[in-house]
Every structure is written in C-alpha cells, then in structure tokens.
Q: 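Submitted below is the structure of interest, expressed as structure tokens.
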Amino acid sequence: MKNAFRQSMSWLHTWVGLLAGWVLFFMFLTGTAGYFDTEIDRWMKPERPLVHASMSLEQMIDVGLKRLQAVAPTADRWFISPPVSRENPDLRVTHRQAAADGKPARNGNELLNPQTGAPVQTRDTGGGQLLYRMHYDLHYLPNGAANWLVGVCSMFMLIAIVTGVIVHKRIFKDFFTFRPGKKQRSWLDAHNVLSVLALPFHLMITYSGLIFFMLLYMPVIVSANYGKGEDKEQLFLDAAVGRADVRVERAGVPAVLAPLGPMLAAAEQYFGDSQVRFLEILNPNDRNARVFVARQPPGPLRNTEQLMFDGVSGKLMQIKDPVANTTQAVRDVLLGLHEGLFAGPVLRWLYFLAGLMGTAMIGAGLVLWTTKRRAKGAEHFGLRLVERLNVGTIVGVPIGIATYFWANRLIPVEFAGRAAWEAHALFLAWGLMLVHAHWRPLSKTWIEQLWIAAGLYSLLPLLNALTTDRHLGVTLRLGEWSLAGFDLTMCAIGILFALTAKTARQESFSSATSESNPLRAPANSAPSI
Amino acid sequence: MVALTVIASFALCHAGLVALSLAMDRHYHQVWRRHASRAQRQLYRLGGVLLLLVSVICAVVVWGKSVGAVAWLGILSAVALPLIFLLPYSPRAAFGSGVLGAAIGLLAMAFVIF
C-alpha cells in the first residue's frame, strides 16, 4: 500500500519534472541572474558616470523635482528615487498619468545625472531588467499566455518538490551522500543533494512565485466576495494592500507644492540617515497634493513605512504602518522573500547560490531521466529527443545569456532596434545550440557546448576591455565593485565551464573502465527515484 | 566586527556539518576507514548541534531574527555543498576543513566578544 503510493508519487515526480523541466530551467537561471539585475544593468550601460558626485539628499531630490515639473506637470503621480541604495544606483524619476477624457495614458521613466539634471544618455539596451523579467514574461509570449505558462510550470515545480520529498526516503540518512563516477547513481545523488540542501529556498521561491499572479490564477475568489468588474477588483485591491485610506482625488484647484526639504529632514530624523527609499507625490501641483516618503526595507516585508505629508502645507498627516492587515503582510513577506530586495551583499550572494542550486537541480533531474532509461538499455525517439533538448538547454541557455552580454558590446550603439536584437541574440544562440545538439554525437555535443560556454564567459572581461573604458584595469583601481564584480564573476563562471568540460571529456574516455573507479563509495541501496 | 561575526557564522556552520556527518557511520568510515563507537557518534552529534546553534546565534546577531533565519538557511546550503563534494574525493581534507572551520569561527568570535 505504502509502496504503491510512493510509486505513483515517483511517476508524478518524473513526468511533471520532465514536462516543465526546460521552461523551469530557463526561469530559474534568468531569475537567478535577476538577483544581480542592477549590477548587470550597470555593466550593460557603460556610458553611466563612474563616480557619483557627493550631493545632499535634498539637492538630488530637488534635481528630480525640477525635471518632473518640466516634463510632466499634469501627471497623477511622481516618483523620485535618490541613488542611496543598491536598488537605485542612479537618480531616477518616474511619472504616471492614467488615460482620461480620451487622452491615452502617459508614463515615463528617466535616469538623471544629479549634477546637470539632464537625462543620462545610455545605449539602447534591455539591460539586467529585461533579463530578469524574462523569467516570468518569457520575452516573446504575450503577457497573458506567458503568465499562465509560468503559472502552470510553477505549479508543476511545486508538485515536483512535494512528491520529491515523499519519494526521497532518506533525506537525513543521505544528507551528505554523493557517490561520484557511477552514472545514474551519481546523477541521482547530485539531484538529491542539490534539492535537499536548498529545499527551503526551492519551496519559498516556487510558492511565492505563484502568489505573484494569484489574482490571475484564482480570479473567482475575488469576484465571489467583491463582485465582478474592474471597480470591484479595485475595491478588493484597496482593501488588500491597505491603500483605501490614501486614495485622494485631484481637487482641480492649482496649488504650489510645499518645499520638500523639511519633509525629507523629518523623514530622515524618523527613519535614520540614508534610509529614504523614494518619494511619491500624488496629485502634484494640486490643492490635494500628498507627499509620501518611504523607508528602505529593513527585512523581507516588501511594503515599508511611509510618512504622508500634505503637499501644500507641508504638514505631516499620517505615519503609514507597512502592515495594513495580516493577509497583506503575509503576501508582502512572501513576495519580499522572493525578490530579496532587502538582501545586503552577503545575503544576495547566498540567494544567487541557492538559485544556481535550483537551476542545477532541475538540470540534474533532466539528465537523470535519460541516464536511467539508457541504463535499462532503452533506445527510442523520445529518449533521443530529451537527450538533445537537455544539452541544448542546460548548456544552451547559459550560452544564450553570455551571447546577450556579447551582443550588448558588439551591436553598434547607433544601430536601430539594438535592444531588441540583444534579446534576439540570446534566443538565436539558444536555438543554435539546440540545432547543434541534433547534429553532433551526444557526448561530443556536451563537451563542445561546454567549451563554447567557457570561451564566451571567460572572454567577456577581454571584450569589455576592447570595447569600453570600464574594464578591470579601471574599475579595480577605482574600487567600482559592482562593475569589477561582473567581469570577475563572468571569468569565474567561464573557468567553471572549462573545468566541467575537462571532467566531461575524462568521463567519456573512462566510461568503459568506470567500474574500476577507485573513488567509488560502497553501494548499499537501489536508486529510489 | 560585523564581518567577523559573519565569518564566524559561516565557519561554525561548516564545522557543525562536518561533525554531524562524522556522527554517521558511513561518513566516519569514509574518513577514518573504521567504524565509530556509539559514544563517538553521540559526541560528534552533540558537537555538531552545538556548533550549528552558535552559528545560528551569530547570524541572528548580524541580521536580526527574521533576516537572520533567511540568511542562515542560505549559509547552510552554501557550506554544505562543498563539504558534500569534498567527502568522497578527499575525506581527510573534509575533516581538516571542519577543524579549520571550528578554529576560525571560535577565533573570530573571541575577537568579537573580547
């Protein structure tokens, strides 16, 4: 009885894992890169100034305000984010105006040079943000389709995690167990180890990923309780995120915005130094203007404390608690944990590592599917197809991402549509690797693609040095660690690929004699998955 | 000071995991080529749990309770991975890395406290 249950769970684990595996691999890898989205962005826009001017918070906010007054005096909302944290390495201004009276919505987003107040001119690129967004919008698909596909794959992932825990009988006994040089056994050990060690991360990231689109996946719950229609949905959102109390309509009476300096001073006194995250100005230049000053996130709670000022008199009206209600707080913490915006450098690297472990877990699981069948002497079209898709994805996606970075440096700056072509380059390279995988003998494919990846990654710093003056010789000397860190990390990834390629070659040479491998640990149980 | 406490948290977590692995006969045998007595296994287990506890405390001191818990789980994954790959290829080095981890961790803590 118990075994029958375990077997059916094992079946489920195998097939949901295989079906969603390649999409999940892409999602996990691009999502993991997203933990360094700002750093990747920085590298992909080498035109941005190297050293920032030392200006006071008030001066910088003032520069942003002047720009917004000039470009969008009638907007509904303004946002000014000063460059005080990793999340915002530049002075950023954003304005939003909803569609009304037959006029279309008008939104804008600019990076400013705090010294001149002019927008920073950079090459046209999707940067780290586009790469990070790919993990849930899948780039080419329309939003609805992408969100649903991502949702189905995430649900499959969640099922795979839960069934995986059920099927893996010896989580604690095998906690430290890896037995190299034994084909199927080794792949299973690797898959298990990568799963178990970062299990809390895998569970959190998958479950919270589903929460992001909960309204899309389960709309009936809202309409059953609030009724149908957009206004009813807004009612729900207001209640859910605790915005109901600050929804202030425009009065239609022009008024001069109060000086922001005293508000910033009050906020800094309340939050502490360098704790201002952004300023939001609702209904600017109107009598009903409100100014919100938000605090940096001290932890995974995504929403942060905000001070609300009357935008005309400048008086403090309310201190907004980040927690509106428990439901909102739970959702906020889950989303905050997923995004990891609160993470400092150490925690950010740990996030990155856990994400890579998740990616590798999926890769090892996919390879395990094929080695298990090969070991039984199977040979059919499906098996060959999975083997080819595996190489072309497990090494092909990293090659695609490296190509994205190469394209950023090689496509001429004045080339029209270059941002779109950077992304095309990613998918073209991936596609090319899939084609390559179908042409070459399997063991050769692995080794060749691993070497291509090794070359592309380890040569990126050199390419950077040849095409820009933001190379290691400059960045290391100036202590620009976010730029230097990118080059060094790429080099390290390249070396890892080269080592893997060397190991893979030795494996394929010694596979005939692997039975006499002295490193083998004693076998004492049959594979459980 | 903060940096030292972070180092202590990583190092002690690694040492704790090495001790816990040695509390299992399979890995004890991997390292020493003989079987562990019951007392030895229990000693390693107790030592391992204590080291992990101190490592958790270090993480909480640095990051606070909620972020500390997140960070510690990350530290656990990060230090366990190299250990697991070290054990089959070079079991003695795995043991040595545990001793080194304990030494570095305790030294770093001594610096922070005194």
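No experiment lies behind these values; they were computed from the predicted model shown.
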Q: What are the two closest heavy atoms between A/Pro180 and B/Tyr89, and how far apart are they?
A: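 Smallest interatomic distance, heavy atoms only, reads CB-OH, 3.1 Å.
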Q: Given a strict heavy-atom distance threshold of 4.5 Å, which part of A/Ala354 is in contact with chain B: side chain, backbone, both, or neither?
A: neither
Q: One thing to verify: whether A/Asp174 and B/Arg26 come together as a salt bridge, which I'm taking to mean a side-chain N less than 4.0 angstrom from a carboxylate O.
A: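 Counted as a salt bridge, because a side-chain N and a carboxylate O are separated by less than 4.0 Å.
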Q: Measuring from atom CD of B/Gln30 to atom OG1 of A/Thr177, what distance do you get when rounded to the nearest 0.5 angstrom?
A: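 Here the interatomic distance stands at 7.5 Å.
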Q: Counting only non-hydrogen atoms closer than 4.5 Å, does A/Phe176 touch chain B with its backbone (N, CA, C, O), its side chain (CB onward), both, or neither?
A: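 Both backbone and side chain.
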Q: With rounding to the nearest 0.5 Å, note down the distance linking CG in A/Leu353 to CD1 in B/Ile75.
A: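 It comes to 11.5 Å.
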Q: Which atom pair, heavy atoms only, marks the closest approach of A/Leu350 to B/Gly74?
A: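 Smallest interatomic distance, heavy atoms only, reads CD2-O, 3.6 Å.
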Q: Please say whether more than 12 non-hydrogen atoms of neighbouring residues, nucleotides or ligands are located less than 6.0 Å from CH2 in B/Trp72.
A: yes
Q: Where on A/Leu337 is there a heavy atom nearer than 4.5 Å to chain B: the side chain, the backbone, both, or neither?
A: side chain
Q: What I'd like to find out is whether the side chain of A/Phe201 reaches to under 4.5 Å of the side chain of B/Ser77, using heavy atoms alone.
A: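 Heavy-atom side-chain distance check fails, nothing below 4.5 Å.
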Q: Tabulate, in ascending numerical order, the residues of residues 338-349 of chain A having at least one heavy atom closer than 4.5 Å to a heavy atom of chain B, or enter 'none'.
A: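 So far as heavy atoms go, A/Phe342, A/Val346, A/Leu347 are the residues that approach chain B to under 4.5 Å.
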Q: Which heavy-atom pair separates A/Gly299 from B/Val67 by the least distance, and what is that distance?
A: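 Answer, listing the atom of A/Gly299 first, then B/Val67: CA-CG2, 3.7 Å.
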Q: Using a 4.5 Å cut-off on heavy atoms from C-beta on, say whether the side chain of A/Leu194 contacts that of B/Leu81.
A: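 Side-chain contact under 4.5 Å: yes.
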Q: Would you indicate whether A/Tyr207, at its atom OH, is surrounded by more than 12 heavy atoms from other residues, nucleotides or ligands within a distance under 6.0 Å?
A: no
Q: Let me know if A/Phe172 has heavy atoms under 4.5 Å from chain B in its side chain, its backbone, both or neither.
A: backbone
Q: Check whether any side-chain heavy atom of A/Leu197 sits under 4.5 Å from a side-chain heavy atom of B/Ile84, and report yes or no.
A: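 Answer yes - side chains close enough.
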Q: Among B/Leu20, B/Leu17, B/Val6, which has the most heavy-atom pairs under 4.5 Å with chain A?
A: B/Leu17
Q: Say you draw a straight line from CG of B/Leu73 to CE of A/Met204; how long is it, rounded to the nearest 0.5 Å?
A: 9.5 Å
